[in-house]
Protein chains: 2
Amino acid sequence: MTRQRRVILEEIRRFDGHPTADEVYEAVRKRLPRISMSTIYRDLEALCEWGKIQVLEVGCSKKHFDADTNNHYHARCIRCGRVTNLPVQPFTYLEQAFRDLCDYKVIGHRLELIGLCPDCLKQQKEKQRQAATEPVEADKKG
Amino acid sequence: MTRQRRVILEEIRRFDGHPTADEVYEAVRKRLPRISMSTIYRDLEALCEWGKIQVLEVGCSKKHFDADTNNHYHARCIRCGRVTNLPVQPFTYLEQAFRDLCDYKVIGHRLELIGLCPDCLKQQKEKQRQAATEPVEADKKG
DNA sequence: CTAGATGCAAATTCTTTGCGGTCAA
DNA sequence: TTGACCGCAAAGAATTTGCATCTAG
């Protein structure tokens, strides 16, 4: 357990929500300015293998990292990509139900809620209010 | 609706499971050998916008495409990445339940089963059988 | 001391974009 | 005819890898 890995783990634990690799990088860089992105990726992988963190493969493109390795569900903001926990125990009965319905060997399941996070919801309402007040520019056609 | 788009749509519909962009490319290329990857991506996007197909953001890294645009659940093979349908109606009550539990504006939800597809399961069993028969090489330590 | 970890840069993988030529409506 | 579309090549974004150096145990 090197200095870098310790700091990475601490920053993931401290993070509000579940950071992506570059969010981890930005946070860690404040304490270890010379750390490189490849170290971030390599150490994230190592921490996963040691069971210290888990990867959240929510949505596509970017991976998120979570210091809580217990199974739990997440909500994902469709606008900013933020990922937060859902305060419920996973429904394990779902897996048993699906075992009878498909020919896969079931290992686990993932459930994610798609929506707008409070911040983005606020911004969206703000925009709608502005749109209702201002003259309608979009209707000008020529 | 161009020739390319028609063929792309047909090949997605014909595909056993839900192809990734490069799987679509390989399938389409047999009928339109000069088609390019950028056309595949652009046409997949157009078909999505027209509601002819949907993107499945299962797991990470690669997008999968699905000619069935109704909401439904999927199973994903952890080994080969294959994605197949689960024969159940989505549990809409989950969204209502989660509305009371988080401060997101809930738009939808995704549920995916993680496991081994029949093919990979077969291969894994094959390997295990071999391992049980052969001398244990991994135990040689020096 | 030494195996393994680090930092840097270059390579990979998946996806998107710019551009000149082409095709369907 | 002409605006949308195509193929090609090059750019981007996220992640991985090769390699020389360094460091924790």
Side-chain angles (χ1 to χ4, degrees), chain A residues 1-12 15 18-50 52-66 76 79-83 141-142, chain B residues 1-12 15 17-50 52-66 76 78-83 141-142:
Chain A
M1 176 62 84
T2 61
R3 193 158 147 67
Q4 286 87 337
R5 292 183 183 180
R6 206 174 310 116
V7 174
I8 288 173
L9 185 52
E10 283 170 16
E11 291 302 324
I12 295 174
F15 203 90
H18 306 312
T20 58
D22 53 298
E23 286 169 334
V24 174
Y25 178 59
E26 288 308 323
V28 171
R29 211 145 67 113
K30 287 172 187 157
R31 297 170 58 188
L32 305 174
R34 293 186 50 75
I35 201 168
S36 74
M37 200 62 197
S38 54
T39 301
I40 299 287
Y41 277 110
R42 269 190 287 235
D43 290 355
L44 286 172
E45 196 185 340
L47 290 168
C48 280
E49 279 172 12
W50 299 349
K52 297 287 187 181
I53 62 173
Q54 66 171 318
V55 196
L56 307 182
E57 304 200 330
V58 291
C60 241
S61 69
K62 285 184 178 178
K63 289 172 184 167
H64 292 250
F65 298 89
D66 190 343
R76 178 163 61 96
R79 202 155 157 280
C80 70
R82 182 194 297 193
V83 175
K141 271 190 176 170
Chain B
M1 177 62 86
T2 60
R3 192 160 149 65
Q4 286 87 338
R5 292 183 183 180
R6 204 174 311 115
V7 174
I8 288 173
L9 185 53
E10 283 170 14
E11 290 303 323
I12 295 174
F15 202 91
H18 305 311
T20 58
D22 53 298
E23 285 169 334
V24 174
Y25 178 58
E26 287 308 323
V28 170
R29 210 145 68 111
K30 288 172 188 158
R31 295 170 58 187
L32 305 173
R34 294 186 50 74
I35 200 168
S36 76
M37 203 62 199
S38 54
T39 301
I40 299 287
Y41 276 109
R42 268 191 287 238
D43 290 356
L44 286 171
E45 196 185 341
L47 290 169
C48 280
E49 278 172 13
W50 299 349
K52 296 288 186 181
I53 61 173
Q54 66 171 320
V55 196
L56 306 182
E57 303 200 330
V58 291
C60 239
S61 68
K62 286 185 178 179
K63 290 174 185 165
H64 291 250
F65 298 89
D66 190 344
R76 179 164 60 96
I78 210 174
R79 201 154 159 281
C80 69
R82 182 194 300 191
V83 176
K141 270 189 178 171

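Below, read A as the first sequence line, B as the second, and so on, with proteins coming before strands; counting in each chain starts at 1.
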Within this structure, what is the [atom1]-to-[atom2] distance between [X] and [N], rounded to whole angstrom?
| X | N | atom1 | atom2 | answer |
| --- | --- | --- | --- | --- |
| Leu47(A) | dA5(C) | CG | C1' | 13 Å |
| Lys63(A) | dT13(C) | NZ | C1' | 12 Å |
| Asp43(A) | dA5(C) | CG | P | 8 Å |
| Glu23(A) | dT15(D) | CD | P | 11 Å |
| Tyr25(A) | dT6(C) | OH | C1' | 13 Å |
| Glu49(B) | dC5(D) | CD | C1' | 14 Å |
| Glu45(A) | dT6(C) | CD | C1' | 15 Å |

Can you tell me which residue pairs pass the salt bridge (charged side-chain N to carboxylate O under 4.0 Å, His left out) test with a partner in residues 34-45 of chain B, sequence neighbours excluded? Arg5(B)-Asp43(B)
State which residues pass side chain to side chain donor-acceptor pair (under 3.5 Å) with [X]; sequence neighbours excluded, sorted by chain then number.
| X | result |
| --- | --- |
| Arg79(B) | Gln123(B) |
| Thr2(A) | none |
| Glu23(B) | Thr20(B) |

Consider the side chain of Thr2(A), meaning its heavy atoms from C-beta on, and name the nucleotide among dT6(C), dT16(C), dT15(D) that approaches it most closely. dT6(C)
Per the under-4.0 Å heavy-atom filter, residues of residues 32-42 of chain B near DNA chain D come out as Arg34(B), Ile35(B), Ser36(B), Ser38(B), Thr39(B), Arg42(B)
Among residues 4-12 of chain B, which residues get a heavy atom nearer than 4.0 Å to DNA chain D? Gln4(B), Arg5(B)
Between the opening five pairs and the closing five pairs of the helix from dC1(C)-dG25(D) to dA25(C)-dT1(D), how far apart are the helix axes, to 10°? 40°
Using a 3.5 Å distance criterion without hydrogens, assess whether the side chain of His18(B) forms a donor-acceptor pair with backbone atoms of Asp66(B). no
Start with the C-alpha distance between Ile12(A) and Leu44(A), add both sets of side-chain angles, then the distance that settles side chain to side chain contact (heavy atoms under 4.5 Å, CB included), and finish with yes or no. CA-CA 10 Å; Ile12(A) 295 174; Leu44(A) 286 172; 3.6 Å; yes
Separation between CG (Leu56(B)) and NE2 (His64(B)), nearest 0.5 Å, reads 7.5 Å
Lys62(A) side-chain N/O to dT15(C) phosphate OP1/OP2 under 4.0 Å: no
Residues in side chain to side chain contact (heavy atoms under 4.5 Å, CB included) with Leu32(B), at least two apart? Arg3(B), Gln4(B), Val7(B), Val28(B), Ile35(B)
With Cys48(B), which residues qualify under side chain to side chain contact (heavy atoms under 4.5 Å, CB included), at least two apart? Ile53(B), Val55(B)
Residues in salt bridge (charged side-chain N to carboxylate O under 4.0 Å, His left out) contact with Glu11(A), at least two apart in sequence or another chain: Arg14(A), Arg31(A)
Work out which heavy atom in Tyr25(A) is nearest to a heavy atom in Ser36(A); give both atom names and the distance. CE1-C, 4.0 Å
